[in-house]
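Working notes, beginning with the structure itself.
Throughout, protein chains are lettered first and strands after them, A, B, ... in sequence-line order, and every chain is numbered starting at 1. Just the heavy atoms: all of them, side chains too, but no hydrogens, waters or symmetry mates, feed the values below.
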Amino acid sequence: MALIQTANLKKTYQLGHVQVPVLRGVNLSVQPGEFVAILGASGSGKSTLLHLLGGLDAPDADDFKLLFDNRPINGMNAAQLDQYRRTDVGFVFQFYHLLPELNVLQNVTIAAMTRWGWAFSSRRAEVEKRATELLRSFGLGDRLRHRPVELSGGERQRVAIARALINGPRLILADEPTGNLDRKTGAGIIDILLERRKAEGRTMIVVTHDPELAAKADRVVRIVSGVIE
Amino acid sequence: MYQLLLTRVYLTSKIMPLLASVGLGLCTALVLVVWSVMGGFLTTLLSSGRVFAGDATINWPAGIPHYEALIKKLEADPAIGAVAPIIDTFGVVKLPDDRIEGVRIVGIEGKSYSRVVDFDKALWWRPIKEALPKDRDRKDPRLNPDEQDWQAIYENSISLTKPDRVTGERVPAAVVGIELSGMTQRDGAGYYTPVGLAKPRPDGSVQNLDLYLHNHQIVLNIIPQDSQGRLMTPTSKPLPVAGEFRTGIFEIDRRTVFVQLAELQRLMLMDAVAGVKSSPSGAFNPYENVAPDGTSLGNVETTGATPARVSTLVLRAEEGFTPDDVRQSAMRVYTEFAEEFRGSVPQAFQINNPRGVKTWAMQMSTLVNAVEKETALVLSLFWFITIVCSALILAIFWAMISEKTKDIGILRAIGASRAGIAGMWISYGAILGVVGVALGLGLAYIVVLNINSIHDWLGYSLGLYVWDPRVYYFSKIPDRVNPANALIVAGAGIGFAVLGSIIPAMRAAFIRPVTALRFE
Ligand SMILES: Nc1ncnc2c1ncn2[C@@H]1O[C@H](COP(=O)(O)OP(=O)(O)OP(=O)(O)O)[C@@H](O)[C@H]1O
Ligand SMILES: [Mg+2]
């Protein structure tokens with residue numbers, strides 16, 4: 001049984017009077033625990049697809065299927081969608097997207113705060129311990145109180161990964177996690193992601209231009225002119 | 001939870017919203033200071049104006065006969081502490097420099113009047129030892145015992161009499177509002193000094209007048225009415241002046257003359273007179289043969305006395321009763337009284353209405369309304385400024401949210417709800433409100449409690465007297481903060497801060513995560 005299942009998924013942007021079809025009917029199934037790499041030219045709609053899978057955007061209203069664990073993501077109401085984003089999915093963005101005013105530790109624990117709401121107070125110690133362990137295992141043990149601006153790109157990306165992992169989601173959606181990094185740093189980040197995946201049996205969908213990363217995937221799919229080849 | 005964290009972080013890292021909060025604080029301080037001072041001004045004004053108003057009055061200008069009986073009944077009522085009969089009428093007065101002024105003439109009976117109002121406190125000319133607070137050079141003439149015999153003037157004023165210049169016998173005298181004669185002038189420090197008036201002699205030369213009104217006499221011109229309100233022969237009466245009073249309310253101090261009740265009753269023809277029937281012979285002098293109690297002394301047949309009348313009874317409340325209680329009691333008692341003296345006194349329905357029986361507040365309602373309107377006007381102006389402050393918060397939040405669009409998108413992407421995001425900005429606004437208001441209240445309290453020293457300092461060092469006692473009639477600026485007002489201002493300040501944050505918060509809540517994430 002697939003964890004993610006899409007059929008005939010379409011997304012068209014409206015630019016003035018011009019319709020720009022980006023996804024023209026994506027059919028994709030991802031099994032639990034699978035690691036799928038998505039390749040495609042720039043502008044081919046890879047980020048768009050991840051946003052749809054992560055419930056951040058809605059696909060065209062057409063006859064389509066978009067299921068997570070057999071539940072239609074498009075059928076969720078606002079509260080369920082928030083719940084889905086905070087517990088089931090961990091997003092790693094292409095450009096880190098950390099909150100500049102928060103330090104490293106806070107940038108990680110804030111995801112747990114959105115998950116637990118006011119009940120977070122009673123879990124604070126536990127969450128902070130887990131966040132510290134994660135960051136330590138990423139080699140950031142001595143940078144907990146630093147602001148994102150004080151970190152290098154690779155370090156920031158590792159913080160973003162720790163944030164995606166803190167709530168123990170079943171699905172990781174990573175958008176070019178190594179895109180801005182040199183090869184060596186990129187490789188280090190791939191190792192971190194993969195190590196976690198094996199240890200915890202997590203499903204991963206990773207968008208990448210990086211052949212080294214793609215080579216480690218269970219399966220590689222390509223988006224060409226809006227469909228998966 | 002993340003709301004708390006981010007609000008805390010933004011509070012310590014963002015300077016603009018804090019500046020807006022300080023602005024809001026200044027606005028609330030301004031509102032509270034103005035409200036306290038103006039409100040205090042109103043209170044002071046009322047308590048000064050109240051000096052002669054008692055707590056309530058019963059009023060029938062044509063005269064209430066048998067008023068001694070009514071007073072006895074009224075004083076038996078538990079709500080009513082004391083009652084004074086007075087005549088409250090109008091007349092024209094000729095002043096020592098031959099100026100003519102229309103005035104309110106009030107006839108009082110020293111003893112009973114003092115039981116109802118603080119007549120004694122209002123008397124201005126008296127010996128004093130302590131100079132007024134701003135009179136640093138001790139220029140107040142009352143400080144100098146050699147200037148005039150202040151003690152004698154004070155005692156004359158209380159009794160409304162004065163020793164006759166020739167015989168030394170005490171004769172009725174008037175006590176006049178201090179602003180009426182124009183012979184003295186109020187200084188910035190709050191005391192009065194003589195101006196020095198003159199008047200022309202018939203031969204064209206100029207005569208300098210004695211500096212003080214109490215060394216002169218005035219002439220009262222009065223038009224009496226009978227009990228049905230018909231005009232009778234006008235009378236003119238020269239009266240020596242015993243002294244002057246000051247309530248602090250210009251209109252009262254400029255247009256009031258006190259005289260003895262008995263004297264005014266005589267002048268107004270409201271005193272007791274015997275009625276007579278003409279004898280068959282026709283010729284008689286009614287005043288020669290009738291004793292004051294109305295009994296006949298000779299060949300004239302009397303028909304009983306017409307009782308003395310007063311126009312007004314001034315009532316003081318017993319401890320623990322409000323002016324409204326007194327008014328209610330007065331109307332109840334009057335009904336009984338009218339029943340008892342049916343036919344010879346005004347009927348209950350004539351008296352028991354808002355014109356006949358008034359509390360002091362009703363009596364002063366024009367003045368009160370004027371000051372209240374003015375306060376409301378000024379306050380609404382300042383509230384407007386506070387609303388502008390709220391708009392300032394709106395603008396700053398709007399800009400901040402534009403800048404933070406991406407962060408909001410990130411929060412939404414990791415599962416923050418719309419309500420959560422909106423709540424964050426609103427609570428941020430509320431906290432800014434609380435910070436600003438706390439600052440503002442603190443500042444307002446400091447300013448109001450020390451307003452007199454601040455004002456003195458301003459005057460002392462910069463020569464800047466905003467509150468000139470010549471204009472404002474009180475030498476001290478009101479310096480109390482009403483806690484209820486402070487609470488309202490605080491609530492409104494926070495409310496406006498929240499109001500200012502609501503629209504930006506809504507905007508933040510409706511930012512679409514994808515758009516926000518693509519935002520650079
Ligand atoms: N809000 C939008 N309005 C209009 N067009 C958009 C919008 N968002 C994305 N697009 C267009 O959709 C196409 C796909 O964008 P997307 O970001 O998914 O590409 P991508 O495959 O992730 O590219 P890259 O490898 O450069 O990140 C692009 O041509 C982009 O211009
Ligand atoms: Mg992309």
Side-chain angles (χ1 to χ4, degrees), chain A residues 11 13 47-48 50-52 54-58 77-103 105-124 127 147-148 160 163-164 166-167 169 173 175, chain B residues 1-18 396-397 399-432 505-520:
Chain A
K11 180 72 187 177
Y13 289 108
S47 297
T48 305
L50 280 199
H51 291 152
L52 296 181
L56 295 176
D57 206 352
N77 64 24
Q80 290 167 330
L81 213 52
D82 290 336
Q83 179 74 16
Y84 170 65
R85 291 203 284 252
R86 65 174 87 111
T87 54
D88 295 322
V89 185
F91 232 109
V92 182
F93 303 99
Q94 194 169 356
F95 300 101
Y96 330 126
H97 286 339
L98 300 176
L99 298 176
E101 283 88 4
L102 302 186
N103 65 33
L105 185 63
Q106 288 167 332
N107 259 295
V108 175
T109 52
I110 195 160
M113 290 182 189
T114 62
R115 173 167 183 194
W116 298 111
W118 300 108
F120 175 81
S121 325
S122 56
R123 297 174 183 269
R124 177 182 289 276
V127 170
R147 296 285 184 82
R163 182 178 64 192
I166 188 76
N167 289 332
L173 300 172
D175 196 350
Chain B
M1 199 62 214
Y2 62 92
Q3 294 98 322
L4 218 67
L5 173 66
L6 283 172
T7 307
R8 207 189 70 212
V9 167
Y10 288 165
L11 268 178
T12 49
S13 65
K14 302 282 168 203
I15 190 83
M16 280 292 282
L18 280 179
I396 287 171
F397 271 29
M400 242 184 112
I401 284 165
S402 299
E403 182 201 318
K404 292 264 160 250
T405 298
K406 199 173 97 186
D407 293 17
I408 292 164
I410 296 166
L411 287 169
R412 295 278 283 126
I414 62 173
S417 65
R418 285 207 164 122
I421 297 286
M424 179 180 115
W425 289 95
I426 291 172
S427 56
Y428 186 15
I431 290 172
L432 289 179
M506 287 301 142
R507 179 182 165 216
F510 284 93
I511 286 175
R512 294 178 55 228
V514 199
T515 326
L517 289 174
R518 290 193 188 266
F519 182 89
E520 289 304 320

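Proximity to chain B (any heavy atom under 4.5 Å) is shown, for A:Ala78, by neither the backbone nor the side chain. For A:Thr48, the parts lying under 4.5 angstrom from a heavy atom of chain B are both the backbone and the side chain. Of the atoms belonging to A:Leu81, not a single heavy atom falls under 4.5 Å from chain B. At a 4.5 Å heavy-atom cutoff, the contact between B:Ser417 and chain A is made by backbone and side-chain atoms alike. For chain B, no part of A:Tyr84 is nearby; none of its heavy atoms comes within less than 4.5 Å. For A:Arg163, the part lying near chain B is the side chain, with the backbone staying farther off; criterion is any non-hydrogen pair under 4.5 Å.
In summary, A:Asp82 and B:Arg412 engage in a salt bridge, as defined by a charged side-chain N under 4.0 Å from a carboxylate O.
With rounding to the nearest 0.5 Å, the separation of CD1 in B:Ile421 from CD1 in B:Ile426 is 11.5 Å. To the nearest 0.5 Å, the span separating CZ on A:Arg115 from OG1 on A:Thr109 amounts to 14.5 Å. Taking CG from A:Asn107 and CG from A:Leu98, the interatomic distance works out to 4.5 Å, rounded to the nearest 0.5 Å.
Between B:Trp425 and the choices B:Arg507, B:Met506, B:Met400, B:Gln3, the side chain to side chain contact (heavy atoms under 4.5 Å, CB included) rule is met once, by B:Met400.
Aromatic ring centres of A:Phe120 and B:Tyr2: separated by at least 6.0 Å.
Among A:Leu56, A:Thr87, A:Leu102, the residue making the largest number of heavy-atom pairs under 4.5 Å with chain B is A:Leu56.
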